[in-house]
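Notes to accompany the following structure.
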Amino acid sequence: MQDEVLILGGGVAGCAASIALARKGRSVTLIEREPSPRHKVCGEFLSGEALEDLHALGIDVASLGAVPLNYVRLAAARRAAEAPLPFPAASLTRKALDTALIAAAVAAGVNVLRGRSVQSLSRTTGGLWTARVDDGAVYEAPTVFLATGKHDLRGHARPKDPHQWVAFKMYYRLSEGQKTDLADASELMLYSGGYGGVQPVEGGVVNFCCVVERRLFARAGLRWEGLLRKMQQDCPHLAMRLEGAEPLLEKPITVTHIPYGYIRRMTEDGLYCIGDQAAVIPSFTGDGISIALHTARQAAAAYLAAEPAPVFQPKLRSAMLPQMRLAEVAANGLNNGLARAVLPFCLRVWPGAMRVTAKLTRVTQPAATVAPQLSANSI
Ligand SMILES: Cc1cc2nc3c(=O)[nH]c(=O)nc-3n(C[C@H](O)[C@H](O)[C@H](O)COP(=O)(O)OP(=O)(O)OC[C@H]3O[C@@H](n4cnc5c(N)ncnc54)[C@H](O)[C@@H]3O)c2cc1C
């Protein structure tokens, strides 16, 4: 079977690229290993840029139940400070978002193959890319978009993560008092060896997503309960927020080895790398989905303009490098004990700093459309 373009991975980046290409009349096959969308480790924060890109793709997040977020709150040691978010933002479960994106790809005419895992990707001497899937079928195309997110394909892997980060996501139903107190804020909690975020998502549920260095998880006996206790001891605000909360998953979902700070330098001809396969920004920025949408849009435009992948990829890297590096510096700051102790105090004195930091760590420019205003009344 041969199409003009094969897209490997049907998450945010893969779906966005497939929709952009199919709308321009290209024949596209998208291969996604999960038979249906499922929960993914993600804070589920949608930045203003992400909202605009999703709107341009025809995804109406308000009708999917997205919760508008208006504040960011930072908690470390015994202090907490808050500031209004400097851009419109919302949160939506990945299950709902991925379901809508796959449906939009199908509606755009993409040939979507689900429940098939790509095992290998190689190139024939004639220059065609060949993807072999787990049922033995082979798909060929002159152009491939690599969009497998956190998962690497053999022969195309990103470098190892030296910090050995481990990330968890858990859903909770908060007590009434804590739900009211959290309100429309995205909370960032800092503790030794990592950070976590708490925010409301649709259905009156709260997402707690956290990242820790593996050594910390090992010290907690590689057990979620021990790790959660340790994070709550370090950050009393988290203990308060989760007091009386009902866990909604049997156990948290987990992902390991996240190469934060990675930006792909080079690629081979006919292989466009997008989403987490192009760049992995520290999670606290809440910008990964926006980067996935942005890199997908840029790569699709490059392909349509006949810009070869080996020219496109280094250009994308240069454009994203300054903000990626800034986000990394900020992430290192969050991981520093002294910075953790003084940050909330500084932000109380100068809440504008939080707005500036939030603005500077936005990597992307959204698609040129106007997103609908999200308000509590609109959903
Ligand atoms: C702890 C944590 C918190 C985060 N919080 C946020 C946040 O709040 N806001 C935000 O914007 N970003 C956040 N991110 C980042 C965001 O989740 C990612 O950047 C984004 O999902 C990347 O999109 P993607 O399309 O590259 O990958 P994904 O959305 O993960 O999609 C990749 C797809 O490829 C499929 N796949 C993988 N391997 C194969 C294979 N071999 N064959 C076929 N299919 C395959 C997978 O099943 C998956 O559906 C967070 C990340 C982490 C780790």
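Owing to the predicted nature of the structure, the values given are computational and were not obtained by experimental measurement. Counting starts at 1 for both ligands and their atoms, following the listed order. Numbers for residues simply follow the sequence, beginning at 1.
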_Joint cluster assignment, Leu238 & Tyr71, ILVMFWY side-chain distance < 4.5 Å_ = no

*Can an N or O of Gln277 be found at a distance shorter than 3.5 Å from an N or O of ligand 1?*
no

*Any chance you could lay out the side-chain hydrogen bond (donor to acceptor under 3.5 Å, both in side chains) test for Gln277 and Arg264, step after step, and finish with the verdict?*
CA-CA 7 Å; Gln277 287 293 321; Arg264 197 174 286 264; 2.8 Å; yes

_Close approach of Arg94 to ligand 1, heavy atoms, under 4.0 angstrom_ = yes

*Any residue meeting ring-ring contact (aromatic ring centres under 6.0 Å, His included) with Phe208, in chain and number order, not counting sequence neighbours*: none

_Only heavy atoms of Gly288, strictly under 4.0 Å: list the atoms of ligand 1 that pass._
10 (C), 11 (O), 12 (N), 15 (C), 19 (O)

*asked:* Contact between Met324 and Arg317 at the side-chain level, heavy atoms closer than 4.5 Å - yes or no?
replied: no

*Please work out whether any backbone atom (N, CA, C, O) or any side-chain heavy atom from C-beta onward of Leu8 is under 4.0 Å from ligand 1, and answer side chain, backbone, both or neither.*
neither

*Protein residue, atom and distance nearest to atom 27 (O) of ligand 1, heavy-atom basis*: Gly149 CA, 3.2 Å

_Less than 4.5 Å apart, side chain to side chain, heavy atoms only: is that true for Leu54 and Leu46?_
yes

*asked:* Tell me the contacting part of Ser117 for ligand 1: side chain, backbone, both, or neither, using a 4.0 Å heavy-atom threshold, strictly below.
replied: both

*Short N/O distance, under 3.5 Å, between Ser283 and ligand 1?*
no

*Quick one: does Gly14 get an N or O within less than 3.5 Å of an N or O on ligand 1?*
no

*Check the surroundings of atom CZ in Arg26: do more than 12 heavy atoms from other residues, nucleotides or ligands lie under 6.0 Å from it?*
yes

*Should Glu44 be counted as touching ligand 1, given the test is an N or O pair under 3.5 Å?*
yes

_Element-labelled atoms of ligand 1 that are located less than 4.0 Å from some non-hydrogen atom of Arg116_ = 43 (C)

*In plain terms, say whether Asp98 and Arg38 are close enough for a salt bridge, that is, a side-chain N and a carboxylate O under 4.0 Å apart.*
no

*Give a yes or no on whether a salt bridge exists between Arg123 and Glu268, defined as a side-chain N under 4.0 angstrom from a carboxylate O.*
no

*Considering heavy atoms of the protein only, find what lies nearest to atom 35 (C) of ligand 1 and give residue, atom and distance to 0.1 Å.*
Glu32 OE1, 3.2 Å

*Pairwise distance NE2(His294) to CG(Asp287) - rounded to 0.5 angstrom*: 10.0 Å

*Using a heavy-atom cut-off of under 4.0 Å, does the side chain or the backbone of Ala13 touch ligand 1, or both, or neither?*
both

_At less than 4.0 angstrom from any non-hydrogen atom of Leu153, what atoms of ligand 1 do you find?_
41 (N)

*Pull out every atom of ligand 1 sitting under 4.0 Å from any heavy atom of Val211, numbered as shown with elements.*
1 (C)

*asked:* Can you see whether Ser290 engages Glu49 through a side-chain donor-acceptor pair at a distance of less than 3.5 angstrom?
replied: no

*What residue and heavy atom of the protein are closest to atom 41 (N) of ligand 1, and at what distance?*
Val118 O, 3.0 Å

*Of the backbone atoms (N, CA, C, O) and the side-chain heavy atoms from C-beta on, which set of His151 has a member under 4.0 Å from an atom of ligand 1: side chain, backbone, both, or neither?*
side chain

*Name the closest protein heavy atom to atom 14 (N) of ligand 1, giving the residue it belongs to and the distance to 0.1 Å.*
Cys42 SG, 3.9 Å

*Under 4.0 Å from any heavy atom of Ala167, which atoms of ligand 1 are there?*
1 (C)

Distance-only check: which donor-acceptor pairs under 3.5 Å involve side-chain atoms of residues 242-257, not counting sequence neighbours?
none

_Considering non-hydrogen atoms of the protein only, which is the closest contact for atom 11 (O) of ligand 1, and what is the distance?_
Ile289 N, 2.8 Å

*At a non-hydrogen distance cut-off of under 4.0 Å, which region of Ile31 contacts ligand 1 (side chain, backbone, both, or neither)?*
backbone

*If every non-hydrogen atom of Gly288 is compared with every non-hydrogen atom of Ile281, which pair is closest and at what distance?*
N-CG2, 3.9 Å

*Tyr171 versus Thr93, side-chain donor and acceptor atoms under 3.5 Å*: no

*Pair Glu44 + Arg94, salt bridge at N-O below 4.0 Å*: no

*Does ligand 1 have an atom under 4.0 Å from some heavy atom of Gln119?*
no

*Closest to atom 4 (C) of ligand 1 among Ser91, Gly9, Gly43, Ala17 (heavy-atom distance)*: Gly43

*Please confirm whether Gly275 comes within less than 3.5 Å of ligand 1 when only nitrogen or oxygen atoms on both sides are compared.*
no

_Among all the protein's non-hydrogen atoms, which is closest to atom 32 (C) of ligand 1, and how far away is it?_
Ala147 O, 3.4 Å

_Starting from atom 9 (N) of ligand 1, what is the nearest protein heavy atom, named by residue and atom, and what distance separates them?_
Phe45 O, 2.9 Å

*Donor on one side chain, acceptor on other, Arg79 and His237, under 3.5 Å*: no

*Touching ligand 1 at all, Ala50? Heavy atoms, strictly under 4.0 Å?*
no

*asked:* Go through it in stages, so that I can follow the logic: the residues are Asp134 and Gln119, the test is side-chain hydrogen bond (donor to acceptor under 3.5 Å, both in side chains), and I'd like the CA-CA distance, side-chain angles, deciding distance and then a yes or no.
replied: CA-CA 6 Å; Asp134 47 2; Gln119 302 295 300; 4.6 Å; no

*Give yes or no for whether the N/O distance cutoff of 3.5 Å, strictly under, is met between Asp276 and ligand 1.*
yes

_Out of all atoms in ligand 1, which are within 4.0 Å of some heavy atom of Glu34? Include the element for each._
47 (O)

_Distance-only N or O hit between ligand 1 and Val255, under 3.5 Å_ = no

*May I ask you to identify the nearest protein heavy atom to atom 37 (C) of ligand 1, giving residue, atom name and distance to one decimal place in Å?*
Thr148 O, 3.4 Å

*Count the heavy atoms of every other residue, nucleotide or ligand shown that sit under 6.0 Å from CZ of Arg229, and state whether that count exceeds 12.*
no

*asked:* Can you tell me which residue among Val28, Thr143, Thr29, Thr130 is in a side chain to side chain contact (heavy atoms under 4.5 Å, CB included) with Leu6?
replied: Thr29

*Mind checking whether Cys209 contacts ligand 1 via backbone (N, CA, C, O), side chain (CB onward), both or neither, at a 4.0 Å heavy-atom cut-off?*
side chain

